[in-house]
Each structure stands twice: as C-alpha cells, then as structure tokens.
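Notes follow once the structure below has been shown.
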Amino acid sequence: MTRTVYVNGAYLPEGEAKVSVFDRAFLMADGVYEVTSVLGGKLIDFPGHLARLARSLAALEIANPHDDDAWLAIHREMVAKNDLEDGMIYLQVSRGNPGDRDFAWPGAEVAPTVVLFTQSKPGLADSPQAGTGIKVISIPDIRWGRRDIKTVQLLYPSMGKMMAKKAGADDAWMVEDGKVTEGTSNNAYIVKGGKIVTRQLSTNILHGITRAAVLRFAREAQMEVEERAFTVEEAKAADEAFITSASAFVMPVVEIDGVALGGGKPGPVATRLREIYLDESRRSAI
Ligand code: PMP
C-alpha cells in the first residue's frame, strides 16, 4: 500500500513527497522527532510525546510550528488517511531549508520542515518477543552529552543495534563511567529482590515517555522503585531486567552479555508491568 505522508501542510503519496537537499536535518542532523504508538486507531501517551517535542524544540531554539490541538488533528488525519489500526506515527521537525549549507543556523525567516509518516504493525501489542524476551549486549556510550534532546542524530544507536545483531543479540545497553545509561532506543531497568531500578533522569539519557508512565503505574501498584544508575555486573546478577519504549512498551530482557537472567525467561515484574501499561495506556489513548 502506498502510504500517505505529511510534508509541511500537505498530505501526499509517499513517492511524491519532497524535502530539500539543503534541509538542516539532512546536512546537520539538525532536527528532532517523536514516535507515538497507535493501538486500535488511537494515540498512546500522546500528551507526553507533545510535551517532550516542545522541550526538544525549545532546547534547540526551533519554533514549534503547531499548537497541541493542531498536532493532534494532524496525527488523527494521518491515522485516518492510512487506515492505521496498530503501528506508529513518526514525526520530525527540522530547522528547515536555509537554501545553502552553513554551520551557523538561520533565524525565524526560515520555517521548520515538518514530516510525518505512519508504520503499520498489525498486532503490535501482541509481539511474540514479549513472551520470550530479548538479549542485550553492553557497549560503551560514546554519544554526545545532550541525550535528553530527541534529535535525529541516531548514528551511534544504529551502530549499537548492528553490533548487537552481529553478536547474536537483539539490542545494546550503553555504558558510561561503569554504569548503564540506556538502550539504543529504550530505557533500561533491572529488578532485584522485587525492587525496580532504573537510571535517574539527567542530560545523559532520553526522558522516556513510556518510562514516566511505567514508573507511575509501578508506584501505584505498590512496587518499589529506585531511580539510580546500575552497573552491568549488577544487571547480570539481577532477578530480571526489561526495557521500555513507545513501540516496545515493556519488553523483558532475558540475557545480558551472554548471561541468562531468571532462567532465561521473562520475569514476573516485567510481565505484570507490560500488562498494566498496555491496559492503562489503551484506556487513556486518544
Ligand atoms: N532512550 C532512547 C535513546 C530512545 O531512543 C528512546 C525511544 N525513542 C527511549 C529511551 C524511550 O523513549 P519513549 O518511551 O518515549 O519511546
């Protein structure tokens, strides 16, 4: 099926959409993005994604091209035009096309470039991987220092994913100063003695929208949560581990650097949190 994509106010067949070669996202990775999951044709955790988009744009001094109502209307139109039942909506805002290449960025006279497209994933919430869990390897975190801004600068996370595949694993956890920061495209957690441990928020990690929701649900369910950094050795000795992201929801991790956790099977805390997250976020979907 030919997708309908969105470029700067126009809904177009994907083959007809155009962005300039001088666009700052193409030349400088000067842009930010969001990925919102869609379940049953409705947007999951949408206010959180819009709030983070606004923060990312403000951090880079890019004007937010739309208010929240307009963003919602565009997302809903994309769901409708693409008959999207389950999947994701990718949204990107770049600093736009100044008409030439220059390190100094242009002022408000250049409008941001706005692109959205959909990815259909039938049965997204019933991924078989959730039943088996994923394997991760650890790699050094050599990314830049503002990982709290969701920029399109994703080369190292892509390399990390390829390193994991080469090693026969599914993903990589990045390690800085001896402590796990996060996964290539997700936040990382371990569980020990019933306590959920995940790195505290800072400029060193992306402030996951799924993370915020999952920690809230965990606390509401009287689970103990500790926000602090942990080592790979600690993770290998944990009872269980998991990751969270908008598209993976809560995904159990059953192996770290070849060491099996919980007998190599998804643990009860991750399994329960996945159920709670899916139930609650479906309920609040818009
Ligand atoms: N960390 C990184 C580096 C990510 O790329 C992502 C997903 N974009 C996340 C964490 C998870 O964030 P969210 O739950 O908002 O998808």
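Just follow the structure's listing: the first ligand is 1, and inside any ligand the first atom is 1.
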I would like to know whether Leu116 and Val5 meet side-chain contact (heavy atoms from CB on, under 4.5 Å); could you show each step before the answer?
CA-CA 6 Å; Leu116 284 90; Val5 304; over 6 Å; no
For ligand 1, which of its N or O atoms have a protein N or O partner closer than 3.5 Å, and how long is each gap?
unit_1   : atom_1 : unit_2 : atom_2 : d
ligand 1 : 1 (N)  : Glu182 : OE1    : 2.6
ligand 1 : 8 (N)  : Lys150 : NZ     : 2.3
ligand 1 : 14 (O) : Ile209 : N      : 3.4
ligand 1 : 14 (O) : Thr210 : N      : 3.0
ligand 1 : 14 (O) : Thr210 : OG1    : 2.6
ligand 1 : 15 (O) : Arg52  : NH1    : 2.8
ligand 1 : 15 (O) : Arg52  : NH2    : 2.9
ligand 1 : 15 (O) : Ile209 : N      : 2.8
ligand 1 : 16 (O) : Ala246 : N      : 2.8

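- For Phe46, the ring-ring contact (aromatic ring centres under 6.0 Å, His included) partners are His75, not counting sequence neighbours.
- Here the side chain of Thr198 pairs a donor or acceptor atom with the backbone of Ala188 at under 3.5 angstrom.
- Under the 3.5 Å distance criterion, the side-chain polar atoms of Glu182 are matched with a main-chain donor or acceptor of Leu206.
- When ring centroids are compared, Tyr6 and Phe117 stay outside the 6.0 Å threshold.
- Side-chain atoms of His207 come within 3.5 Å of backbone atoms of Ser202 as a donor-acceptor pair (strictly under, hydrogens ignored).
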